[in-house]
Structure formats: C-alpha cells, structure tokens
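Notes follow once the structure below has been shown.
Worth knowing before you read on, the calculation uses all heavy atoms, side chains too, and leaves out hydrogens, waters and symmetry mates.
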Amino acid sequence: MTQTADTPRGLNAAALTLIMIGIGFPLTFAQSVWLNTIVAGLGLLYLIALHVSWRKVSLILLIALPLAFGSWISFWFFGTVDRWHLAWMYGSRVYAYLLLGMIVTMTVSTQRWLVSLHLHFHLPNAFVFGLLGALNMADRVRHEFRRIQYSALMRGENLRLWNHLLYLRIVLVSLNWSNDLAEAMRRPRDLLKTPRVPNSLPTPCRRGSGAWRAA
C-alpha cells in the first residue's frame, strides 16, 4: 500500500507538538553539547525512519550551516569564559532546534496538525477553521498574483515584484475574500449549535394508498 500526502505517518501530531515543546524548552537551559547532539541525532533518525526526502533534509541542513557556524564563531572569538564549550554548545543547539521543528513540519501536514490540536487541545473552532481557510487561499493568492501581472502586460505595464501597485491590487482583491474567511470561521460554529434531528423514515398515510409521509 502506497502512502499519500494525507496518509498519517509516525506519531500523532499533538504528541509530536508536546515532544517538541517538552524537549525544546529544557534544552534552552541545558549547557550540554552531548544533549544537543543526541536530540539532533534522534530527530534525524526519526526523519529517516519515515522516509522523508533526503534531498530536502540535506538542503535545509546545508542552509542552516551558516547560522550554526555564525553562532560557533561568535562565541569562539568573543566569548569570555570557556569559549570552546560555549561555541560548540550554541552551534549544535541550532541543529537540535532545527531538527525538532523538522520532525513536525516535514512529517505532518498543516491541516492534520491543526485538526489534531483542535481535537486534543480543544482549540477554538473559529481559530482552526479560519486559519485553514486562510492557508487554503495561498493558491488563490498566487493565481491572482500571476493574473494581475498578465493583465498589466496586456496594457503595456510591467509590474515587477518591487512595484507597490502590484501589492496594492492584491490587497484590494484579498479584501473581497474576507467574507469567505468570515463564513469559514462562522459556519462550523453554527453547525455545532444546530440541534440534531433524528432520522425520519417514510411511512404510509393510510392503508392501501400510494401516498407516503415522514414519521
């Protein structure tokens, strides 16, 4: 059986969030290079176990290398006490936090993560469905972005990314979508408040007639 993007993989999204917070918060106060290394290693093993694309993982780790190196070199050259330990501690902490975040963001979809938090942590319906509605509009924003550029080219205008008119038009179009977001936040709440009606079965009005009525 092949896994799709919507197929649940690994731990529950709410459990992963608790693990990320439960490990990340104490890690802030820990002064251990080995602890950072163990956390980063376990996070990397978890990603490998779930068959996350190694190209994406390698690219993200490579992008974070200047940040880790910057932390390392700043404490090495400007540290006052135990520069060697502090340099490696803060340099390795960058990857520890990065991999903690990656085990959530690269193994759980945004929709499944929000729904899991809603079910287990009882987040407000308006917040969850409103945020889902806003995230689902990302494709519409990109499509509108290209449409505005194409329509401007037909009029002989070239709207570059740094042109303020381009973003002004996108904002004006997005304002028209505010009703959709408000409906997305309000509709689930109205459905929850609606009393449930028991299923009705059709019964004959009287014996021998072809008319039927709902019980």
Side-chain angles (χ1 to χ4, degrees), residues 1-30 32 34-65 67-68 71 90-143 174 177-194 196:
M1 180 178 178
T2 58
Q3 281 187 334
T4 61
D6 297 330
T7 304
R9 300 185 302 169
L11 297 176
N12 182 274
L16 281 178
T17 304
L18 288 177
I19 291 174
M20 182 181 64
I21 297 175
I23 296 178
F25 185 73
L27 201 64
T28 306
F29 305 99
S32 173
W34 286 108
L35 181 59
N36 295 337
T37 306
I38 291 173
V39 170
L42 290 176
L44 188 59
L45 289 176
Y46 183 79
L47 295 176
I48 294 174
L50 293 186
H51 305 289
V52 178
S53 175
W54 63 270
R55 288 189 178 89
K56 291 182 179 180
V57 174
S58 302
L59 180 61
I60 294 174
L61 296 179
L62 187 62
I63 293 175
L65 183 60
L67 302 177
S71 298
Y90 285 101
S92 60
R93 186 176 290 178
V94 172
Y95 279 105
Y97 279 127
L98 178 64
L99 285 162
L100 275 178
M102 288 168 65
I103 66 174
V104 177
T105 58
M106 298 190 71
T107 61
V108 181
S109 64
T110 305
Q111 180 177 357
R112 191 160 68 90
W113 181 66
L114 286 173
V115 172
S116 180
L117 294 182
H118 172 63
L119 293 176
H120 294 89
F121 298 149
H122 306 290
L123 292 182
N125 295 322
F127 173 79
V128 174
F129 290 101
L131 188 56
L132 284 175
L135 292 175
N136 289 331
M137 282 187 176
D139 292 334
R140 293 179 61 183
V141 171
R142 286 193 292 265
H143 175 75
S174 301
W177 299 340
S178 60
N179 292 331
D180 296 338
L181 282 177
E183 181 66 20
M185 298 172 68
R186 183 175 59 250
R187 184 62 178 167
R189 181 185 59 191
D190 295 340
L191 290 176
L192 290 176
K193 291 182 179 179
T194 303
R196 295 187 177 183

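Between Tyr95 and Leu65 there is a side-chain heavy-atom pair separated by less than 4.5 Å. Between Asn12 and His120, the closest side-chain pair of non-hydrogen atoms falls below 4.5 Å. Contact of the Met102 side chain with the Val52 side chain is not registered, since no non-hydrogen atoms from C-beta on lie closer than 4.5 Å. Put simply, the side chain of Leu61 reaches to within 4.5 Å of the side chain of Leu99, judged on heavy atoms. In this structure the side chain of Ile19 reaches within 4.5 angstrom of the side chain of Leu11, judged on heavy atoms. A heavy-atom distance below 4.5 Å is found between the side chains of Leu44 and Val57.
Summarising the geometry of Gly91 relative to Ala68, their closest heavy-atom pair is O-CB, 3.6 Å, with the distance given to 0.1 Å. Closest heavy-atom contact between Ala64 and Val94: O-CG1, 4.5 Å. Here the closest heavy-atom approach between residue Tyr97 and residue Leu27 is recorded as OH-C, 3.7 Å. Among all heavy-atom pairs drawn from Arg112 and Thr107, the shortest one is NH2-O, 3.4 Å. The heavy-atom pair separating Val108 from Ala13 by the smallest distance is CG1-CB, 3.7 Å.
Here the options are Thr105, Ile103, Ile21, the test is side chain to side chain contact (heavy atoms under 4.5 Å, CB included), and the partner is Leu16; only Ile103 passes.
In the displayed structure, Phe25 atom CZ is contacted under 6.0 Å by at most 12 heavy atoms of other residues, nucleotides or ligands.
Put simply, the side chain of Tyr46 never gets that close to the backbone of Leu100: no donor and acceptor are under 3.5 Å apart. Panel note: side chain Arg93, backbone Asn36; no donor-acceptor pair is recorded below 3.5 Å.
Distance CG/Leu117 to CG/Leu131: 10.5 Å, rounded to 0.5 Å.
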